[in-house]
Q: 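Got a structure for you, written out below as structure tokens; questions coming shortly.
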Amino acid sequence: MTEADRTAQIRDASATDLSALHALNIAGEPGVGAISEGDLEALIAVSAATLVAAEEGGAPLGFLLLLGPGAEYRSPNYRWFCDRHRGPDGSRPFVYVDRIAVAAAARGRRIGEALYAAAFARFAGAGLIGCEVNTAPPNPGSLRFHQRLGFVEVGTRVFVPGAKAVVYLERPL
């Protein structure tokens, strides 16, 4: 059992988590994309899984929202992965991390690792897991974190030169 397993339980999100997850998302901006509470609720509804780390009986400490191929979602980053993994039969399996957010007070407790470990276990055999990390504005902590978990760079995209750019990362499952 890891330290994260002792300090937080990983579970699926419930409807009662929405406001807390939205607050975590807001606190994580700009490393996590801005989203309204209503749009977050709609995104959770189409997600392959929305995993929550919470202390026993407590509020969420963090969450990880994942999408599978074919979700009704117009994000250009998600679409990049859909296009990249379109095989002759329509698609190759993948899971896309749309967002991960951890409460500032819970950072350093390996909550992000615990969320990813749960995702790796849940989607084992699903091909790969992909995500993007901002390079403008820079998010070097997230990049180091994902590299430590075995993610490797597979592409880049500049949306607004000097202001908005990402690196695309993947890891086999």
Side-chain angles (χ1 to χ4, degrees), residues 13 17-53 60-86 91-92 94-116 119-120 123 127-173:
D17 292 322
L18 182 60
S19 291
L21 299 185
H22 187 246
L24 287 170
N25 197 93
I26 290 170
E29 294 172 14
V32 179
I35 191 169
S36 71
E37 189 168 315
D39 287 344
L40 179 59
E41 182 177 34
L43 189 55
I44 290 169
V46 299
S47 71
T50 301
L51 303 174
V52 172
L61 300 172
F63 75 100
L64 177 67
L65 192 147
L66 302 128
L67 298 167
E72 290 296 320
Y73 187 43
R74 296 195 182 277
S75 158
N77 293 319
Y78 171 69
R79 290 278 154 233
W80 188 91
F81 280 97
C82 289
D83 291 344
R84 176 174 166 77
H85 295 291
R86 187 166 313 187
S91 69
R92 292 185 301 173
F94 72 94
V95 182
Y96 170 73
V97 175
D98 185 69
R99 58 197 63 235
I100 180 170
V102 175
R107 293 194 185 133
R109 291 177 50 192
R110 303 178 71 183
I111 301 298
E113 276 185 42
L115 286 163
Y116 267 107
F120 296 160
F123 294 101
L128 61 92
I129 187 167
C131 67
E132 86 281 340
V133 173
N134 290 342
T135 54
N139 194 346
S142 180
L143 188 56
R144 281 190 308 274
F145 168 77
H146 284 91
Q147 289 170 336
R148 193 173 70 246
L149 293 181
F151 285 82
V152 297
E153 182 179 332
V154 294
T156 60
R157 186 169 189 181
V158 175
F159 292 96
V160 179
K164 175 68 177 158
V166 299
V167 59
Y168 295 110
L169 307 170
E170 291 180 351
R171 176 194 186 277
L173 289 170

Q: Whether the side chain of N25 engages the backbone of A34 through a donor-acceptor N/O pair (distance < 3.5 Å, no angle test) should be reported.
A: no
Q: F63 and L115: side chain to side chain contact (heavy atoms under 4.5 Å, CB included), yes or no, with the steps?
A: CA-CA 7 Å; F63 75 100; L115 286 163; 5.5 Å; no
Q: Do H146 and C131 have side chains that approach each other closer than 4.5 Å (heavy atoms only, starting at C-beta)?
A: yes
Q: Would you please classify the geometry between the F120 ring and the Y116 ring as parallel, tilted or perpendicular, with 30° and 60° separating the classes?
A: tilted
Q: Quick one: side chain to side chain donor-acceptor pair (under 3.5 Å) partners of R74, sequence neighbours excluded?
A: none
Q: Compare every heavy atom of L24 with every heavy atom of A101, then report the nearest pair and how far apart it is.
A: CB-O, 3.8 Å
Q: Nearest heavy-atom pair of S47 and I44: which atoms, and what distance?
A: OG-O, 2.8 Å
Q: Compare all side-chain heavy atoms of Y78 with those of L67 and state whether any distance is below 4.5 angstrom.
A: yes
Q: Is there a side chain to side chain contact (heavy atoms under 4.5 Å, CB included) between C82 and F94? Walk through the geometry before answering.
A: CA-CA 9 Å; C82 289; F94 72 94; 3.8 Å; yes
Q: Whether the side chain of N77 engages the backbone of E132 through a donor-acceptor N/O pair (distance < 3.5 Å, no angle test) should be reported.
A: no
Q: Output the distance between atom CG (L64) and atom CD1 (I111), rounded to the nearest 0.5 Å.
A: 12.5 Å
Q: Output all residues satisfying side chain to side chain donor-acceptor pair (under 3.5 Å) with R107, sequence neighbours left out; order by chain, then residue number.
A: none
Q: Quick one, V166 and W80 - any side-chain contact, counting heavy atoms below 4.5 Å?
A: no
Q: For a quick test of reading the model, state the closest non-hydrogen atom pair linking N134 to P137 and the distance between them.
A: CB-O, 3.1 Å
Q: Dump the intermediate steps for side chain to side chain contact (heavy atoms under 4.5 Å, CB included) on L66 and L51, then the final yes or no.
A: CA-CA 8 Å; L66 302 128; L51 303 174; 4.2 Å; yes
Q: Taking I35 as the fixed residue, which of D98, L65, I26, L43 is the one that meets the side-chain contact (heavy atoms from CB on, under 4.5 Å) rule?
A: L43
Q: Got L169 and V97 here, is their nearest side-chain heavy-atom distance under 4.5 Å?
A: no
Q: Return the minimal non-hydrogen interatomic distance between F123 and A48, and the atom names on each side.
A: CZ-CB, 3.9 Å
Q: Less than 6.0 angstrom separating the ring centers of Y96 and Y73, yes or no?
A: no
Q: Distance-only, no hydrogens or angles: does the R171 side chain make a donor-acceptor pair with backbone N or O of L149 under 3.5 Å?
A: yes
Q: Quick one: are N139 and L143 in side-chain contact, heavy atoms under 4.5 Å?
A: no
Q: Closest approach of F145 and G112, non-hydrogen atoms and distance?
A: CZ-C, 3.6 Å
Q: In sequence, state the C-alpha distance, the side-chain angles, and the governing distance for L21 and E37, and then conclude on side chain to side chain contact (heavy atoms under 4.5 Å, CB included).
A: CA-CA 9 Å; L21 299 185; E37 189 168 315; over 6 Å; no
Q: Any side-chain to backbone donor/acceptor pair from H22 onto L18? Under 3.5 Å, distance only.
A: no
